[in-house]
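In the text below, chain A, chain B and the rest are named by the order of the sequence lines, each starting its count at 1. Because the structure is predicted, anything quoted here is derived from the model rather than measured. Atoms considered below: every heavy atom in the structure, side chains included; atoms not considered: hydrogens, waters and symmetry mates.
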2 protein chains.
Amino acid sequence: MKATLKMIAQALGVHPSTVSRALSGKPGVSEEMRAKIISLAQEMGYLPDSRARSLRQGHTKIIGIVIPDMGNPFFSQAVSAMEKVLFPLEYSFFLCVTEEDSEKEKVLLENLVSYKVDGILAAPVDRVKNTKLYKEVQKRGIPVIFFDRRLVTIETPYAVIDNRGAVTTIVDYLWKKGHRTLGVITLHRESYTGMERLEAAIERAKELKIEIKPDWIKDGMSTETGAYKAALELFKGSELPTALFVCNNVMALGVLRALKELKVKVPEDMSLVTFDDSFWNQIFEPPVTCVAQDPEQLGMIAATMMLNRIRYPEKKLEGVVLKTRFIERASVKDLTKARG
Amino acid sequence: MKATLKMIAQALGVHPSTVSRALSGKPGVSEEMRAKIISLAQEMGYLPDSRARSLRQGHTKIIGIVIPDMGNPFFSQAVSAMEKVLFPLEYSFFLCVTEEDSEKEKVLLENLVSYKVDGILAAPVDRVKNTKLYKEVQKRGIPVIFFDRRLVTIETPYAVIDNRGAVTTIVDYLWKKGHRTLGVITLHRESYTGMERLEAAIERAKELKIEIKPDWIKDGMSTETGAYKAALELFKGSELPTALFVCNNVMALGVLRALKELKVKVPEDMSLVTFDDSFWNQIFEPPVTCVAQDPEQLGMIAATMMLNRIRYPEKKLEGVVLKTRFIERASVKDLTKARG
DNA sequence: TCGACCTCCTCAAACGATTGCATAACCTTA
DNA sequence: TAAGGTTATGCAATCGTTTGAGGAGGTCGA
């Protein structure tokens, strides 16, 4: 049924501590006895109880990972990359999906603390909201590393991308192509990335005298469905921008769906630029121009930072900001040519 | 920093057991004392240690979830649905991603046993390979429910879809549209779904005298990239089928990418039917005909089965087979019209 | 006044593993 | 052969919580 150290010990007439030493390869056990113990343990299907072990040893070898959405390939790829770094070192993972809900995030974080994870890799929901909680977590000695998003109110190592730079590139590109009006389908606004991307777009547009009417900014809620609805809503307006900036990959899907339904042609009737490069950007007709980030690199870096944090808790870690890559495809109309 | 029962007890000059009873709402503590304890616990930020608690209580309130790929929206939606059922009941989740690797699956399952999860919801990698392991898990008293895929060698409750029925519908449809040759981009072949879908296609094709040349069956490895390569490979052949059946959603993406690259027009040059309906099926031009399954229903049912299993371990649970829905779009050419 | 019965609390033993220290046995070696 | 060293094992505490058993003190009724 289930085997414990004690049972193995009893069966062989030795003390549990001997069994423990034998199985964990520690010295102080005769080779003969060790062999007997190992073989019996095998036979009985012994697996140590991680709870008991970690209770005694003071670490769990579990890393908590907090993401807002696991259907988003960006996050699934980042998580995958983290696993690739940490799994070989025998770490396990507690994956927590907040669904952009700060309250749920709170419950999940408390769980992680309760289970005494060795560290937390998080893309927090809100750029400020759970500050106190995250601080608490750290005070309890659990290292936290932010990735993709971060809390702006707290000094913690992070790995994010250069959102402002990326958005500036996009707006500049649109300007060069002759666009003087712009709509934005935003992420969940209170998130770090949501705020950065929207603000940067507004800022750069202002500098270049590109108009962004308030009606042209619609909340896509970071989801396919949210963006679909937001796009439909936008197109109800009497006046439309010539280009649309969609703040992430799954929302791009939603916008494309809405445009198709409305029979709006890209790029003839509406130009499109999105954040993130997912497979569907390539197969859509026309292929979608975008800013690509590398989720795997992001995940790897964040995981590596975590390892450093665990090994050298005292060492100060700098935040990392990754560059993005602009990919020009065919979803933006060149208005300069069109005009003459 | 971190607070334990003992510390609270010491601070108030009472015994830890009193604190435990006070905080867990058990009788035998004066209301006055209880209030003092609760307020101090709050102040010290006390959170119980789940490991210690579960060690004593004999259950963890953690469910292990085993899936092959978290980038696949089918699985992310199923998992999401499971959470919706179990999270309100205060269950947490250990999400394990096998990446179609039986060896990794083994390590992950051993971890789950080691952490003493209360149950395991699994979409196993191989239809037979880890039979012994899954049996072991059950013998240890951990209930297992399979979803999407199952082991055919073991009697365990499961929730799957009617793969054979779905594939038969597809092949019949193609036949009606005049197709007499067919190619298949398969899942990971050793998986339950991989085997079922391929076998059913071959079987029905034979009955209807639709030809499937061995060269027309390519292994897509269940991934976008795998399917992309498989499709390129298929098109290197001198003779081609008139239609292609792609065994899941992410592979559809890969095939579409390959076709686009090869400038093969759908459905003019090649007809296409896929399993699963994801958003991109709708936005592709032409929209893709497919068989849709409902991952959320599947997840909900599996999670509910798990709850029953935990509550009434003795009660026998029947396997559930869900029906699928055929969605006709525009990716299949009507050869009967073309000819006549 | 004495037993019966609360109420509120303490005690101590679990759960399953790890680990510093003690001890017994054996082996060297001068 | 006795001192000193090495090796194998046992002992007991510990991690943080829960929980059955038990005890001290009070109230109440007969």
Presence of [X] side-chain N/O under 4.0 Å of [N] phosphate oxygens OP1/OP2:
{"X": "B:S24", "N": "D:dT18", "result": "no"}
{"X": "B:S20", "N": "D:dT18", "result": "yes"}
{"X": "B:K116", "N": "C:dG16", "result": "no"}
{"X": "B:Y46", "N": "D:dT17", "result": "yes"}
{"X": "A:K26", "N": "C:dT18", "result": "no"}

B:H15 side chain, from C-beta outward: closest of D:dT18, C:dT18, C:dC11: C:dC11
Closest to the A:Q57 side chain, choosing from C:dT19, C:dG16, C:dC8: C:dT19
B:R51 side chain to A:S54 backbone, donor-acceptor under 3.5 Å: yes
Within this structure, what is the [atom1]-to-[atom2] distance between [X] and [N], rounded to whole angstrom?
{"X": "A:I8", "N": "C:dA17", "atom1": "CD1", "atom2": "C1'", "value": "12 Å"}
{"X": "A:L55", "N": "C:dC15", "atom1": "CG", "atom2": "C1'", "value": "9 Å"}
{"X": "B:R51", "N": "D:dT14", "atom1": "CZ", "atom2": "P", "value": "17 Å"}
{"X": "A:M7", "N": "C:dC15", "atom1": "CE", "atom2": "C1'", "value": "14 Å"}
{"X": "B:D49", "N": "C:dC15", "atom1": "CG", "atom2": "P", "value": "18 Å"}
{"X": "A:Y115", "N": "D:dT17", "atom1": "OH", "atom2": "C1'", "value": "14 Å"}
{"X": "A:K36", "N": "D:dT9", "atom1": "NZ", "atom2": "C1'", "value": "13 Å"}
{"X": "A:H59", "N": "D:dC15", "atom1": "NE2", "atom2": "P", "value": "16 Å"}

The single option from A:I120, A:V144, A:I142, A:T98 passing side chain to side chain contact (heavy atoms under 4.5 Å, CB included) against A:L109: A:I120
Partner of A:Y134 under side-chain hydrogen bond (donor to acceptor under 3.5 Å, both in side chains), chosen from A:R150, A:E105, A:K129: A:E105
Below 3.5 Å, does any donor atom in the side chain of [X] face an acceptor in the base of [N], or the other way round?
{"X": "B:R53", "N": "D:dT17", "answer": "no"}
{"X": "A:S17", "N": "D:dC11", "answer": "yes"}
{"X": "B:R56", "N": "D:dT17", "answer": "no"}

Sugar-phosphate, base or nothing in reach of A:R21, heavy atoms under 4.0 Å: base
Ring geometry between B:F94 and B:Y115 (parallel below 30°, tilted from 30 to 60°, perpendicular above 60°): parallel
Atom NZ of A:K61: over 12 foreign heavy atoms under 6.0 Å: yes
First of B:T18 and A:K6 reached from the 5' end of DNA chain C, by closest nucleotide: B:T18
